[in-house]
Amino acid sequence: MSGTVLVTGGAGYIGAHACKALARAGYQPVAYDNLSRGHREFVRWGPLVEGDIADRALAAEALARHRPVAVMHFAAYIAAGESVSDPALYFRNNVIGSLTLFEALLHAGGPPLVFSSSAAVYGFPDTMPIVETAMQHPVNPYGETKRMVERALHWLDQAHGLRHVALRYFNAAGADPEREIGEAHEPESHLIPLVLDAIAGRRSGVDIYGTDYSTPDGTAIRDYIHVQDLAEAHVRALDYLLAGGASAALNLGTGVGHSVREVINVAARVTGRNVPYREAPRRAGDPPILVADSSRAQSVLRWRPALPALETMVASAWHWQERLAGP
Ligand SMILES: NC(=O)c1ccc[n+]([C@@H]2O[C@H](COP(=O)([O-])OP(=O)(O)OC[C@H]3O[C@@H](n4cnc5c(N)ncnc54)[C@H](O)[C@@H]3O)[C@@H](O)[C@H]2O)c1
């Protein structure tokens, strides 16, 4: 397939990996990012439109100039803890920003859209592994914003035919093996980069929140998915929509859960170093286990994780972080 794809949040962690995958697949990515939490140097596979998704005039101008065949919408704030302390920031940026973008898209003819949703829409799920039809009870404003945007997309499709795929990712991890791009959030809230920062001495240690869960080693279990696999799933979702596929919501994970202690042990093994850690009480709103059933994505998108091993994800993240220490 070919054509221009507008990638909001294209200067961020997952958006930049998607731009690289799009370029590899023959598309021309155009990143659209206000750089509030992104990195100009991550925009390597096409131009950057520097601006906010809530700037309707700028979005309209970018759509008129680049005439994308489709849009990938990653732009959002992503820290669940921050969303609890500042909900308005999250509803304004993630919900109002998205709606403004969608209005501009409809005005430009309504190109199909791949939306970055999240496992956070489920909250504390009642079944495990989680299927897409599980009850959705987000337990923080971040998850609520993702759910609201998914609902808005549903009704925009009903009213105006805005076809979309909402990809509910579990925990994105790892980095580009060529180490051109990687995970660099500020503030960082994700376990693997925090562990690697602790190993490298960039922070004093990593906190294990909760050691008394009813899991085999007492720590919380998450489903980690390699960012390259996520990027590839986005390209598949785009191909699916461009071939006329109907709107869908799909989980993306490997289906295998890893505990916090396992992540720490794998990081120690991969790097050959000690991981300084502290045991801390549970955090409110942290479910004990989140593992995806991704069989629907596997059949709809004909996609399968190619790099499912936690070791591979941790090693690529370490390789990326090590670039800071030299060539
Ligand atoms: N990282 C994960 O594990 C994970 C898991 C589930 C879902 N997601 C979703 O994936 C998407 C990308 O996450 P990420 O980890 O790459 O985050 P990121 O912070 O690295 O990237 C987000 C990008 O969006 C940009 N942005 C934010 N608000 C904007 C606005 N109003 N206008 C224009 N640009 C704006 C930021 O500058 C940044 O470059 C987000 O929607 C996130 O909610 C991420």
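Small disclaimer: the values here were computed from a predicted structure and weren't measured. Order of listing sets the numbers, starting from 1, for every ligand and every atom in it. When reading the values below, keep in mind they use all heavy atoms of this one structure, side chains included, and skip hydrogens, waters and symmetry mates.
- Residue Ala16 places every heavy atom at 4.0 Å or more from ligand 1.
- Residue Ile78 approaches ligand 1 through these ligand atoms, each under 4.0 Å from one of its heavy atoms: 13 (O), 15 (O), 17 (O), 40 (C), 42 (C), 43 (O).
- Residue Tyr142 touches ligand 1 through its side chain alone, judged by heavy-atom distances below 4.0 Å.
- Residue-level proximity to ligand 1 for Lys146 is carried by the side chain, the only part with a heavy atom below 4.0 angstrom.
- Here the shortest heavy-atom pairing between Gly255 and Asp223 reads N-OD2, 2.9 Å.
- Geometric assessment of Arg222 against the ring of Phe170 yields a negative cation-pi assignment under the 6.0 Å and 45° thresholds.
- Heavy-atom minimum distance, Pro111 versus Ala108: CD-O, 4.3 Å.
- Considering only non-hydrogen protein atoms, atom 5 (C) of ligand 1 sits nearest to Phe170 O, 3.3 Å.
- Around atom CZ of Arg304, no more than 12 heavy atoms belonging to other residues, nucleotides or ligands sit under 6.0 Å away.
- Ligand 1 lies within reach of Ser36, whose nearest heavy atom is under 4.0 Å from it.
- Nearest protein neighbour of atom 16 (O) of ligand 1, counting heavy atoms only, is Ile14 N, 2.8 Å.
- Taking the six-membered ring where tryptophan is involved, the planes of His39 and Phe42 are tilted, since the angle between them lies from 30° to 60°.
- Distances below 4.0 Å separate heavy atoms of Ser118 from the following atoms of ligand 1: 6 (C), 7 (C).
- When only non-hydrogen protein atoms are considered, atom 10 (O) of ligand 1 lies nearest to Tyr169 CE1, 3.3 Å.
- Where the criterion is an N or O separation shorter than 3.5 Å, residue side chain and backbone included, Arg37 meets it with respect to ligand 1.
- If you number the atoms of ligand 1 from 1 as listed, the ones under 4.0 Å from a heavy atom of Gly51 come out as 32 (N), 33 (C).
- Between the side chains of Glu188 and His185, at least one donor-acceptor pair of N or O atoms lies under 3.5 Å.
- Closest protein heavy atom to atom 22 (C) of ligand 1: Ala76 O, 3.8 Å.
- With hydrogens left out, the protein atom closest to atom 26 (N) of ligand 1 is Asn34 OD1, 3.6 Å, a heavy atom.
- Shown in contact with Gly38 at under 4.0 Å from a heavy atom are these atoms of ligand 1, numbered in order with element: 36 (C), 37 (O), 38 (C), 39 (O).
- In summary, the atoms of ligand 1 found under 4.0 Å from a heavy atom of Ala75, numbered by their order in the structure, are 24 (O), 26 (N), 29 (C), 34 (N), 35 (C).
- Atom 21 (O) of ligand 1 has as its closest protein heavy atom Gly12 CA, 3.4 Å.
- Counting heavy atoms under 4.0 Å from ligand 1, residue His185 touches it through the side chain alone.
- Listed by number with element, the atoms of ligand 1 under 4.0 angstrom from any heavy atom of Phe74 are 11 (C), 12 (C), 40 (C), 41 (O).
- Every atom of ligand 1 with a heavy atom of Ala11 under 4.0 Å away is listed here by number and element: 39 (O).
- For His164 and Phe115, the distance between ring centers is not under 6.0 angstrom.
- Of the protein's heavy atoms, Asn93 ND2, 3.0 Å lies nearest to atom 28 (N) of ligand 1.
- Side-chain contact check for His190 and Glu183: at least one donor-acceptor pair (N or O, by modelled atom type) lies under 3.5 Å.
- Residue contacts with ligand 1 for His190 involve side-chain atoms from C-beta outward but no N, CA, C or O (heavy atoms, distance under 4.0 Å).
- Contacts between Leu35 and ligand 1, counted as non-hydrogen atom pairs separated by less than 4.0 Å, involve the backbone only.
- Proximity of a side-chain donor or acceptor of Arg168 to a complementary backbone N or O of Tyr122 within less than 3.5 Å is not detected.
- By the criterion of a heavy-atom distance under 4.0 Å, both the backbone and the side chain of Asp52 are placed next to ligand 1.
- Atom 20 (O) of ligand 1 has as its closest protein heavy atom Tyr13 N, 2.9 Å.
- When only modelled atom types and interatomic distance are considered, His73 and Thr8 share a side-chain donor-acceptor pair under 3.5 Å.
- Inspection of the His226 and Thr312 side chains reveals no N or O donor paired with an N or O acceptor under 3.5 Å.
- Contacts between Ser117 and ligand 1, counted as non-hydrogen atom pairs separated by less than 4.0 Å, involve the backbone only.
- Aromatic ring orientation, His234 versus Tyr169: perpendicular (interplanar angle above 60°, classes split at 30° and 60°).
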* **Derivation and outcome, side-chain hydrogen bond (donor to acceptor under 3.5 Å, both in side chains), residues Arg278 and Ser204** => CA-CA 10 Å; Arg278 294 174 289 261; Ser204 60; 3.3 Å; yes

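- In this structure, a donor-acceptor pair under 3.5 Å is absent between the side chains of Asn251 and Ser294.
- Annotation: Arg282, atom CZ; neighbour count of heavy atoms from other residues, nucleotides and ligands within 6.0 Å is above 12.
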